[in-house]
Amino acid sequence: MLDLNFVRENLETVKKVLENRNFPTESLEKFAELDAERRRIIGEADAVNQKRNSSSKEIGALMQAGKREEAEAKKAEVSSLKDNQSELETKREEAENAMRELLAGLPNIPADGVPVGADEAATVDIRKWGEPKEFDFEVKDHVDLGESLGILDQERAVKITGSRFAILNGAGARLERALVNFMLDVHTTEHGYTETLPPFLVNRKSLFGTNQLPKFEEDLFHIKDEREFALIPTAEVPVTNYHAEEILEAKDLPKYYTAYTPCFRSEAGSYGRDTRGLIRQHQFEKVELVKLTLPENSDEEHEKLTANAERILQLLGLPYRTVVLSTGDMGFGARKTYDIEVWLPSQNTYREISSCSNCGDFQARRMNLRFRRAGGAKPEFVHTLNGSGLAVGRTWIAILENYQQADGSIQIPEILQPYMNGLEKIESVK
RNA sequence: GGAGAUGUGGCUGAGUGGCUGAAAGCGGCAGUUUGCUAAAUUGUUGAGGAUCAAAAGUCCUCCACAGGUUCGAAUCCUGUCAUCUCCGCCA
């Protein structure tokens with residue numbers, strides 16, 4: 001959420017930013033009016049409350065002095081304020097809700113230097129690592145590989161649940177678990193993150209904090225009862241909200257968390273995309289990285305977080321490139337986002353495997369997550385960052401495709417072998 | 001799921017209708033004292049908002065949350081949520 005004062009003082013800038021992000025600007029047309037109205041009503045309501053408070057105090061004094069009649073007269077007077085007062089309180093609530101709603105619907109301001117553009121075409125390559133392997137045979141995709149090896153079963157998942165679900169078996173399931181453990185181990189022992197295992201169901205307040213709500217309700221799976229929980233679409237939600245509504249001490253920052261969780265996304269509006277294989281599922285596994293930092297350090301921490309995610313691909317020997325997303329392609333809450341894309345031989349291209357965002361104070365303001373500098377200074381909002389480190393399902397795909405052999409078997413990267421109980425190769429069980 | 005108890009500031013903990021945004025203690029911060037540490041001592045110490053160019057000041061709101069009663073609510077009433085104890089059930 002943007003700061004009210006910032007929007008008031010930079011209305012034109014905000015408008016321009018919205019256009020760069022392909023957002024309609026019409027809500028801003030009402031801003032000035034809404035803002036003035038809100039302040040006028042607050043002033044009025046405060047004045048009435050003040051009148052009531054002071055009169056009530058006088059009544060108390062009169063009662064104690066034994067001046068009953070005067071007190072009664074005063075009571076009647078205050079009573080007559082009541083209608084007006086409750087009406088003003090209602091209006092005040094409406095005005096504040098309207099303003100909150102407007103602000104909650106505005107996306108973050110991109111950082112300086114983020115390429116301006118409408119879509120993916122405007123992303124800019126930052127760096128490449130590794131060389132895509134030359135295969136001297138016709139490469140298969142992960143579906144053909146996985147099914148012929150007997151480690152991937154999509155048909156039965158459809159029977160049990162529906163489309164966009166899959167079952168991993170044997171060495172395939174083990175590979176998924178190995179990747180999770182490997183990633184968590186690297187981030188906790190080499191990169192200084194604290195492992196956390198959060199709830200997989202969250203309430204609406206948390207979803208507001210990390211800006212899934214109010215705008216992206218239809219991307220979530222909702223639990224059908226009065227508690228209104230939703231399945232997490234990413235561990236970013238429970239983990240970033242971990243310290244929501246708290247005031248941390250500056251000396252305790254930065255905080256680094258890493259969490260393994262399943263993620264659930266309805267993928268509404270993506271019906272025709274990536275229908276084959278495991279690229280886009282309703283349920284997938286992810287190891288997430290979350291940082292809470294001082295405002296002045298968030299850019300540097302963002303670079304480090306992205307490097308932490310890239311490190312996993314380097315250790316696994318998977319070629320990738322890192323790009324910076326353009327204004328039109330960035331997520332709602334991000335001020336800057338790096339996507340890391342892994343090489344997929346079957347598609348002869350790089351595909352997203354991680355998205356690392358600096359959200360600045362945008363989410364912290366939504367969840368009222370603050371810190372205090374030494375010496376009793378005013379609380380300030382922390383900066384929040386998050387990134388996948390990595391999407392495990394897509395890493396699984398990349399391992400199969402990049403390490404496939406001519407006979408359809410899969411060579412296990414050396415660093416993963418201890419996590420696979422020493423297994424060097426996944427071969428057909430048939 | 002059943003029965004009961006509880007929810008006050010960074011913490012402990014007073015407060016059962018007005019002078020309580022909240023005693024007291026601890027902690028924090030600033031000063032004084034002291035050869036240093038420690039101790040002592042004085043002061044200070046919640047958040048959000050309105051007004052204002054800004055600061056100061058003034059005012060409003062907040063004692064789990066949401067409603068209600070009342071001229072007036074931390075205090076009374078209702079609901080919700082959370083925590084604790086006992087029973088049941090389970091992993």
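- Rounded to the nearest Å, the gap between the C1' atom of G9(B) and that of U45(B) is 11 Å.
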Output a table of donor-acceptor pairs, distance under 3.5 Å, between side-chain atoms of residues 232-248 of chain A and any protein atom two or more places apart or on a different chain; print 'none' if there are none.
from, atom 1, to, atom 2, distance (Å)
Thr234(A), OG1, Glu236(A), N, 2.9
Thr234(A), OG1, Lys286(A), NZ, 2.9
Glu236(A), OE2, Gln363(A), NE2, 2.8
Glu236(A), OE2, Asn386(A), ND2, 3.2
Thr240(A), OG1, Glu236(A), O, 2.6
Asn241(A), ND2, Ser206(A), O, 2.9
Asn241(A), ND2, Val237(A), O, 2.8
His243(A), ND1, Glu246(A), OE1, 3.0
His243(A), NE2, Tyr257(A), OH, 2.7
Glu245(A), OE2, Lys205(A), NZ, 3.4

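- The partner of G35(B) is absent, by the rule that a Watson-Crick or G-U pair needs both atom distances under 3.5 Å.
- Base-pair partner of C59(B): G49(B) (Watson-Crick or G-U wobble, both distances under 3.5 Å).
- Taking atom CD of residue Glu69(A) and atom C1' of nucleotide C71(B), one finds them 17 Å apart after rounding to whole Å.
- As rounded to the nearest Å, U80(B) and U6(B) have C1' atoms that lie 16 Å from one another.
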Distances under 3.5 Å only, N/O to N/O: pair up the protein atoms with those of nucleotides 56-65 of chain B.
from, atom 1, to, atom 2, distance (Å)
C60(B), OP1, Asn53(A), ND2, 3.2
C60(B), O2', Asp46(A), OD1, 2.7
U61(B), OP1, Arg52(A), NH2, 3.1
U61(B), OP2, Asn53(A), ND2, 3.3

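- To the nearest angstrom, C1' of C71(B) lies 11 Å from CD of Glu58(A).
- Distance Ile247(A) CD1 to A47(B) P: 7 Å, rounded to the nearest Å.
- Across all strands shown, A91(B) has no partner, as no Watson-Crick or G-U wobble contact with both distances under 3.5 Å is found.
- When the C1' atom of A50(B) is taken as reference, atom CG of Leu88(A) falls 14 Å away, rounded to whole Å.
- Applying the side chain to side chain donor-acceptor pair (under 3.5 Å) test to pairs two or more places apart or on separate chains, none has a residue in residues 161-171 of chain A.
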Residues 101-116 of chain A, side-chain donor-acceptor partners within the protein, below 3.5 Å, at least two apart:
from, atom 1, to, atom 2, distance (Å)
Asn108(A), ND2, Gly333(A), O, 3.0
Asn108(A), ND2, Cys359(A), O, 3.1

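- Base-pair partner of G72(B): not found among the strands shown (Watson-Crick or G-U wobble, both distances under 3.5 Å).
- Look at G79(B): its Watson-Crick or wobble partner, with both distances under 3.5 angstrom, is C65(B).
- For the residue pair His383(A)/Ser298(A), the side-chain donor-acceptor check at 3.5 Å is satisfied.
- Where Arg40(A) and Val78(A) meet RNA chain B, the nucleotide closest to each residue was compared, and Arg40(A) sits on the side nearer the 5' end.
- To the nearest whole angstrom, the two P atoms, one in G25(B) and one in A40(B), are 13 Å apart.
- Ion pairing between Glu414(A) and Lys425(A) fails under the 4.0 Å rule for side-chain N and carboxylate O.
- By the 4.5 Å heavy-atom criterion applied to side chains, Val392(A) and Met183(A) are counted as neighbours.
- Separating the P atom of U8(B) from that of C76(B) is a span of 15 Å, rounded to the nearest Å.
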List, with names and distances, any nitrogen or oxygen atoms from the protein found under 3.5 Å away from nitrogen or oxygen atoms belonging to nucleotides 15-19 of chain B.
from, atom 1, to, atom 2, distance (Å)
G18(B), N2, Ser56(A), O, 2.7
C19(B), N4, Gln64(A), NE2, 2.8

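- The partner of G4(B) is C84(B), by the rule that a Watson-Crick or G-U pair needs both atom distances under 3.5 Å.
- One atom, NZ of Lys205(A), and another, P of C81(B), lie 14 Å apart when rounded to the nearest Å.
- Of the nucleotides present, none pairs with U16(B) by Watson-Crick or G-U wobble criteria with both distances under 3.5 Å.
- Taking the P atom of each, U44(B) and A23(B) are spaced 12 Å apart, rounded to whole Å.
- Dashed line: the shortest gap from a side-chain N or O of Arg372(A) to OP1 or OP2 of G28(B) is not under 4.0 Å.
- In this entry the distance linking CZ of Arg204(A) with P of C81(B) reads 17 Å, nearest Å.
- Among residue pairs with one or both ends in residues 294-318 of chain A, those qualifying as ring pair (Phe, Tyr, Trp, His ring centres under 6.0 Å) are His302(A)-Tyr338(A); sequence neighbours excluded.
- Rounded to whole angstrom, the span from the CZ atom of Phe381(A) across to the P atom of A47(B) amounts to 13 Å.
- Straight-line distance from the CD atom of Glu44(A) to the C1' atom of A50(B): 13 Å, rounded to whole Å.
- Among residues two or more places apart in sequence or in another chain, the side chain to side chain donor-acceptor pair (under 3.5 Å) test is passed with Gln212(A) by Thr210(A).
- Rounded to a whole angstrom, the distance from the C1' atom of U16(B) to that of U70(B) is 15 Å.
- Counting only residues at least two apart or on different chains, the ring pair (Phe, Tyr, Trp, His ring centres under 6.0 Å) pairs with a member in residues 12-51 of chain A are Phe23(A)-Phe332(A).
- Across the P atoms, G10(B) and U85(B) are found 26 Å apart, a figure rounded to whole Å.
- Between His191(A) and His187(A), the angle of the ring planes lies from 30° to 60°, which puts this pair in the tilted group.
- Taking atom C1' on both nucleotides, U37(B) is separated from G48(B) by 42 Å, rounded to a whole Å.
- Base pairing of G43(B): its partner is C29(B), meeting the Watson-Crick or G-U wobble criterion (both donor-acceptor distances under 3.5 Å).
- Contacts of Phe200(A) classified as ring pair (Phe, Tyr, Trp, His ring centres under 6.0 Å), with partners at least two apart in sequence or in another chain: none.
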